[in-house]
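Take a look at the structure set out below.
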Amino acid sequence: MQQSVFQTLADPTRLRIVEALASGEQAVGDLVRAVDIDQSGVSRHLRILGEAGFVAMRPDGARRLYSLRPEPFQAIDNWVRNYRQLWEGRLDRFDAALDRLRSARQREGEK
């Protein structure tokens, strides 16, 4: 996984833009209202998101419409999947240990 993908999303404004675009294609003006910063700031963050492959731009007359691209999110999901499997195994073992502890306490309480 490229570190730049995480660096791109680490910025709170870019993350808010990504979250706003999760509901579908939007114009810059809509994003300005959604993230509450000026248009030049939104445009700068959209450029960075575009260079990182997160967003696509489609011209619509005088407007530019932005939408999310699935590829970087699929790459993140693939990267996280390995760690998810690791932690699920550890959590399953932890759950089993808690069950043993609960059973032991119940047996003590019955005595």
Side-chain angles (χ1 to χ4, degrees):
M1 173 63 39
Q2 294 180 358
Q3 185 177 4
S4 64
V5 169
F6 292 108
Q7 289 171 334
T8 300
L9 293 179
D11 182 90
T13 302
R14 286 193 288 272
L15 187 57
R16 288 195 328 256
I17 290 171
V18 167
E19 289 171 345
L21 288 171
S23 64
E25 187 176 63
Q26 295 189 40
V28 173
D30 298 328
L31 294 170
V32 166
R33 286 185 289 282
V35 300
D36 197 28
I37 63 170
D38 59 45
Q39 196 236 331
S40 64
V42 169
S43 294
R44 180 174 49 87
H45 287 294
L46 285 169
R47 180 182 51 77
I48 294 167
L49 287 165
E51 290 171 355
F54 282 93
V55 298
M57 186 275 294
R58 176 178 73 82
D60 182 38
R63 298 183 326 156
R64 292 180 179 175
L65 299 175
Y66 291 86
S67 61
L68 293 177
R69 298 181 49 147
E71 295 86 2
F73 298 100
Q74 291 166 344
I76 291 170
D77 187 53
N78 290 337
W79 184 82
V80 168
R81 185 176 298 127
N82 294 325
Y83 295 94
R84 185 180 305 124
Q85 291 170 351
L86 169 76
W87 281 104
E88 284 175 352
R90 289 180 180 181
L91 290 172
D92 288 345
R93 289 191 301 276
F94 181 64
D95 189 45
L98 286 176
D99 285 343
R100 287 191 301 273
L101 182 61
R102 284 186 200 114
S103 295
R105 285 187 178 170
Q106 283 178 344
R107 284 192 301 270
E108 286 178 15
E110 292 172 358
K111 292 181 181 180

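Just so you know, these numbers use all the heavy atoms, side chains as well, and skip hydrogens, waters and symmetry mates.
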ask   = For the side chain of E71 and the backbone of G53, is there at least one donor-acceptor N/O pair under 3.5 Å apart?
value = no

message = Taking R63's backbone N and O only, do any of them form a donor-acceptor pair with D60's side chain (distance below 3.5 Å, no angle check)?
response = no

In this structure, are over 12 heavy atoms from other groups packed under 6.0 Å from [X] atom [atom1]?
| X | atom1 | result |
| --- | --- | --- |
| R64 | CZ | no |
| D92 | CG | yes |
| Q39 | CD | no |
| R81 | CZ | yes |

Reported [atom1]-to-[atom2] distance for the pair [X] and [Y], which is rounded to 0.5 angstrom:
| X | Y | atom1 | atom2 | value |
| --- | --- | --- | --- | --- |
| I17 | H45 | CD1 | NE2 | 6.0 Å |
| L86 | L91 | CG | CG | 9.0 Å |
| D95 | R100 | CG | CZ | 10.0 Å |
| M57 | E25 | CE | CD | 11.0 Å |

task = Start with the C-alpha distance between V42 and R16, add both sets of side-chain angles, then the distance that settles side chain to side chain contact (heavy atoms under 4.5 Å, CB included), and finish with yes or no.
result = CA-CA 10 Å; V42 169; R16 288 195 328 256; over 6 Å; no

In the structure I gave you, are the side-chain heavy atoms of [X] and [Y] within less than 4.5 Å of one another anywhere?
| X | Y | result |
| --- | --- | --- |
| I37 | V32 | no |
| L15 | E19 | yes |
| F54 | I48 | no |

Determine the minimum heavy-atom distance between [X] and [Y], stating which atoms define it.
| X | Y | result |
| --- | --- | --- |
| A20 | L31 | CB-CD2, 3.8 Å |
| A52 | T8 | CB-OG1, 3.6 Å |
| S43 | V28 | OG-CG1, 4.2 Å |

ask   = Between R84 and E88, is there a side-chain N and carboxylate O pair less than 4.0 Å apart?
value = no

Spell out, yes or no, whether [X] and [Y] are grouped together once hydrophobic residues are joined by side-chain heavy atoms under 4.5 Å, including indirect joins.
| X | Y | value |
| --- | --- | --- |
| F73 | L21 | yes |
| L49 | L65 | no |
| F94 | W87 | no |

task = Check the pair R33, D30 against side chain to side chain contact (heavy atoms under 4.5 Å, CB included), reporting the backbone distance first and the verdict last.
result = CA-CA 5 Å; R33 286 185 289 282; D30 298 328; 2.6 Å; yes

